[in-house]
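The structure appears below as structure tokens.
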Amino acid sequence: FVIEQPGTIKVFSNDAAVENVQIFLDLTSIVNQDPGYTEEGLLGLAFHPNFSENGYFYVNYTDYGPKRNVISRYTVSSTNEDQADTESSLIILEVNQPYTNHNGGQLDFGSDGYLYISFGDGGSSGDPQGNSQNLQSLLGTIVRIDVDSPSNGQNYSIPVDNPFVSDPSAQDEIYAYGLRNMWRFSWDPVTGLLWGADVGQ
């Protein structure tokens with residue numbers, strides 16, 4: 001599977017001689033990008049740990065009106081494993097973005113089964129709104145949520161061991177904060193540590 005920023009996910013067999021490439025999902029009609037910036041669009045894709053049973057996968061993309069990151073769940077087609085059901089969208093989480101840059105984009109499931117999502121600090125230069133040091137904002141963070149147990153009218157719940165669950169001055173979803181724009185992260189298969197590529201400044 002290959003995601004392309006304008007809004008498509010392509011699928012092809014894992015074969016050096018592959019000739020047939022198909023469109024798995026086309027979101028170009030809803031994904032918005034400022035042509036002057038390269039940090040918006042379809043930014044992330046994660047398959048549910050039980051994808052082979054439930055067909056769920058998750059995407060992170062930017063949309064306008066208001067400008068925001070959208071985390072949405074889709075389901076693979078019941079009749080074609082190489083095609084998604086375009087009508088199956090379920091919005092999990094939306095985070096408004098004040099500027100066109102620093103949208104983060106990575107999302108992935110940890111070995112704990114929870115979904116981790118990185119959001120940039122909102123953009124501009126020098127984090128002028130102070131988002132990444134503001135625990136009331138999900139900007140400049142990695143969030144950690146349970147998408148298998150919706151609660152409180154949301155399409156997810158909060159893991160009880162998230163670090164700020166007992167802090168009334170912080171958003172419960174936050175797993176890590178103080179980030180500039182962690183656009184990719186991954187887990188070390190040996191140590192289990194999460195490593196992230198951040199922009200800094």
Side-chain angles (χ1 to χ4, degrees), residues 1 3 5 7 9 25 27 30-33 39-51 54 56-63 66-75 89-123 127 131-152 154-165 170-188 192-199:
F1 292 85
I3 65 171
Q5 226 169 326
I9 301 174
L25 181 65
L27 299 178
I30 60 175
V31 170
N32 279 290
Q33 289 181 278
E39 298 174 27
E40 294 181 314
L42 179 57
L43 302 175
L45 166 67
F47 292 94
H48 192 281
N50 294 322
F51 174 76
N54 59 30
Y56 294 160
F57 64 96
Y58 299 77
V59 292
N60 182 352
Y61 63 88
T62 55
D63 196 3
K67 191 186 304 294
R68 66 199 187 280
N69 277 83
V70 179
I71 310 302
S72 181
R73 186 191 81 193
Y74 282 85
T75 307
S89 173
L90 176 70
I91 302 298
I92 304 297
L93 179 63
E94 296 180 290
V95 175
N96 287 350
Q97 291 280 356
Y99 306 104
T100 53
N101 61 329
H102 290 190
N103 291 280
Q106 175 73 13
L107 71 168
D108 199 9
F109 285 89
S111 61
D112 52 15
Y114 298 134
L115 183 62
Y116 293 70
I117 311 162
S118 64
F119 295 104
D121 62 9
D127 190 13
N131 290 316
S132 71
Q133 297 296 327
N134 178 8
L135 288 171
Q136 287 293 327
S137 172
L138 295 184
L139 296 174
T141 73
I142 294 177
V143 306
R144 177 180 184 246
I145 58 177
D146 182 353
V147 293
D148 292 327
S149 303
S151 66
N152 298 322
Q154 298 175 311
N155 290 322
Y156 64 90
S157 59
I158 306 296
V160 296
D161 58 346
N162 270 13
F164 298 103
V165 165
Q171 295 289 312
D172 293 342
E173 293 88 345
I174 296 174
Y175 177 74
Y177 74 107
L179 307 174
R180 179 67 170 145
N181 185 43
M182 188 170 286
W183 47 278
R184 285 292 178 264
F185 63 78
S186 184
W187 282 271
D188 185 314
L193 293 175
L194 186 154
W195 287 78
D198 198 4
V199 171

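Residues: numbered from 1 along the sequence shown. Owing to the predicted nature of the structure, the values given are computational and were not obtained by experimental measurement.
If you run ring pair (Phe, Tyr, Trp, His ring centres under 6.0 Å) between Tyr58 and each of Phe109, Tyr74, Tyr114, Phe47, only Phe109 comes through. No option in Asn96, Asn32, Asp63 other than Asp63 meets the side chain to side chain donor-acceptor pair (under 3.5 Å) test with Arg68. The one candidate from Ile145, Asp148, Asp146, Asn152 that meets the side chain to side chain contact (heavy atoms under 4.5 Å, CB included) condition with Ser157 is Asp146. A side chain to side chain contact (heavy atoms under 4.5 Å, CB included) with Val95 is found for exactly one of Asn103, Ile71, Leu138, Asn60, namely Leu138.
Counting heavy atoms from C-beta outward, Tyr175 and Pro163 have side chains that approach closer than 4.5 Å. Side-chain atoms of Phe57 and Phe1, non-hydrogen and from C-beta on, never get closer than 4.5 Å to each other. Contact of the Glu173 side chain with the Arg144 side chain is not registered, since no non-hydrogen atoms from C-beta on lie closer than 4.5 Å. Counting heavy atoms from C-beta on, the side chains of Glu40 and Gln97 never come closer than 4.5 Å. For the pair Ser118/Ile142, a side-chain contact is recorded, criterion being any heavy-atom separation below 4.5 Å from C-beta on.
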>> Could you go through Glu39 and Asn181, starting from their C-alpha distance and side-chain angles, then the distance that decides it, and tell me whether this counts as side-chain contact (heavy atoms from CB on, under 4.5 Å)?
In response: CA-CA 10 Å; Glu39 298 174 27; Asn181 185 43; 4.0 Å; yes

> How far apart are the C-alpha atoms of Leu25 and Leu45, what are their side-chain angles, what is the distance that settles it, and do they pass the side-chain contact (heavy atoms from CB on, under 4.5 Å) test?
Replying inline: CA-CA 11 Å; Leu25 181 65; Leu45 166 67; over 6 Å; no

> Should Asp127 and His102 be marked as a side chain to side chain donor-acceptor pair (under 3.5 Å) after you check the CA-CA gap, both sets of side-chain angles, and the distance that decides it?
Replying inline: CA-CA 10 Å; Asp127 190 13; His102 290 190; over 6 Å; no

>> As a quick check of understanding, evaluate side-chain contact (heavy atoms from CB on, under 4.5 Å) for Thr100 and Lys67, giving each step before the final call.
In response: CA-CA 8 Å; Thr100 53; Lys67 191 186 304 294; 3.6 Å; yes

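Interatomic distance, CG of Leu27 versus CG of Leu42, reported as 6.0 Å (0.5 Å rounding). One finds the CG atom of Asp198 at 12.0 Å from the CZ atom of Phe185 (value rounded to the nearest 0.5 Å). In this structure, CG on Asn69 lies 10.0 Å from CG on Leu107, to the nearest 0.5 angstrom. Remark: Ile3 CD1 to Leu43 CG distance equals 7.0 Å, nearest 0.5 Å. Summarising the geometry, atom OG belonging to Ser132 is positioned 9.5 Å from atom CG belonging to Leu139; distances are rounded to the nearest 0.5 Å. Expressed to the nearest 0.5 Å, how far CH2 of Trp195 lies from CG of Asp188 amounts to 7.5 Å.
Side-chain atoms of Gln106 never come within 3.5 Å of backbone atoms of Gly44 as a donor-acceptor pair (strictly under, hydrogens ignored). Judged purely by atom type and a 3.5 angstrom limit, Asn162 uses its side chain to pair as donor or acceptor with the backbone of Asp172.
A donor-acceptor pair shorter than 3.5 Å can be found between the side chains of Ser89 and Ser72.
Taking all atoms of both residues into account, the shortest heavy-atom contact from Asp108 to Ala46 is CA-CB, 3.9 Å.
In Tyr61, the OH atom is crowded: over 12 heavy atoms of neighbouring residues, nucleotides or ligands sit closer than 6.0 Å.
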